[in-house]
Amino acid sequence: MSAVEATEVLVEITRTFAVPREQVFRAWTEAARLMQWFAPKGFAVVSCDAAPGAGGAFRVCLRSPQGLDYWVRGTYREVEAPERLLLACIAEDHAGVPRLEERVEVRLEARGDATELHLRASARALNPEADAMVRAMPGVWAQTIDALSKHLLRKT
């Protein structure tokens, strides 16, 4: 891949949770809840700030199984409680170098007492070193939504 090319990937996931839409929305917008699930398998959230309003910022620090910290920083571009979020973010590697930018849309549809989540995330490498990170995004998001599912099954 040349310096001009950028690896991009689109991830789309639909999942139904047996909890009310407001509960799923809170899991996406409250820092204390995000800390309990917003990471792929093997990673842990060690720091999280969230100001879920249009233009509000969020910062999440993910610690890898090797003890390395990766930051995701961004803004809430649109917030329509409890049905839609649009986020724009930059993910940094363990050395603090920005590696990818991502746009994440979350739509939540009430289905009786359940909620259908529609996630659409597009990620783009900011440099050639980020190619593997971007190509891993489908699996990363699948594991992260699995963690959300487990979180929602607990009494929250």
Item to check | Distance in Å, Leu87 CG paired with Glu102 CD, rounded so as to fall on 0.5 Å steps | outcome: 9.0 Å
Checklist entry - Should Val72 and Phe58 be marked as a side chain to side chain contact (heavy atoms under 4.5 Å, CB included) after you check the CA-CA gap, both sets of side-chain angles, and the distance that decides it? => result CA-CA 8 Å; Val72 178; Phe58 67 90; 4.0 Å; yes
Checklist entry - Ignoring hydrogens and geometry, is there a side-chain-to-backbone donor-acceptor pair from Arg107 to His118 under 3.5 Å? => result no
Item to check | Straight-line distance of Arg99 CZ to Arg124 CZ, nearest 0.5 Å | outcome: 14.0 Å
Next on the checklist: For a 4.5 angstrom cut-off between non-hydrogen side-chain atoms, does Pro65 reach Phe43?
Outcome noted: yes
Checklist entry - Just by modelled atom types, is the Leu86 backbone N or O under 3.5 Å from a matching donor or acceptor in the Glu78 side chain? => result no
Checklist entry - Does Val19 offer a backbone N or O that forms a donor-acceptor pair with the side chain of Thr115 under 3.5 Å? => result yes
Next on the checklist: Counting only heavy atoms from other residues, nucleotides and ligands, does the tally under 6.0 Å from CZ of Arg73 exceed 12?
Outcome noted: yes
Item to check | Ala110 versus Arg21, closest heavy-atom pair with distance | outcome: N-CD, 4.0 Å
Checklist entry - Can you tell me how far the CG atom of Leu62 sits from the CD atom of Glu92, to the nearest 0.5 Å? => result 11.0 Å
Next on the checklist: Please say yes or no: joined through hydrophobic side-chain contacts below 4.5 Å, possibly via intermediate residues, are Leu117 and Leu10 part of one cluster?
Outcome noted: no
Checklist entry - With a 4.5 Å heavy-atom cut-off, do Ser64 and His94 have their side chains touching? => result no
Next on the checklist: Checking Val45 against Leu34 for the side chain to side chain contact (heavy atoms under 4.5 Å, CB included) test, could you report, in this order, the C-alpha distance in whole Å, the side-chain angles of both residues, the deciding distance, and whether it holds?
Outcome noted: CA-CA 8 Å; Val45 179; Leu34 282 163; over 6 Å; no
Checklist entry - Do the side chain of Asp93 and the main chain of Ala130 share a donor and acceptor less than 3.5 angstrom apart? => result no
Checklist entry - In Å and rounded to the nearest 0.5 Å, what is the CD to OG1 distance from Glu22 to Thr29? => result 11.0 Å
Checklist entry - If you measure from CH2 on Trp28 to CH2 on Trp37, what distance do you get to the nearest 0.5 Å? => result 4.0 Å
Checklist entry - To the nearest 0.5 Å, how far apart are CG in Asp113 and CD in Gln23? => result 11.5 Å
Checklist entry - Taking the side chain as C-beta and beyond, is there a heavy-atom pair between Trp71 and Ser47 under 4.5 Å? => result yes
Checklist entry - In terms of heavy-atom contacts, does CZ of Arg84 have more than 12 from other residues, nucleotides or ligands at under 6.0 Å? => result yes
Next on the checklist: What I'd like to find out is whether the side chain of Leu126 reaches to under 4.5 Å of the side chain of Glu101, using heavy atoms alone.
Outcome noted: yes
Item to check | Within-4.5 Å side-chain heavy-atom neighbours: Met137 and Leu100 | outcome: yes
Checklist entry - For residues Thr75 and Arg77, is any side-chain donor paired with an opposing acceptor at under 3.5 Å? => result yes
Item to check | Polar side-chain atom of Trp141 near backbone of Ala121 as donor-acceptor pair, under 3.5 Å | outcome: no
Next on the checklist: Pair Arg135, Val9 - check side chain to side chain contact (heavy atoms under 4.5 Å, CB included), show working.
Outcome noted: CA-CA 7 Å; Arg135 292 186 191 283; Val9 69; over 6 Å; no
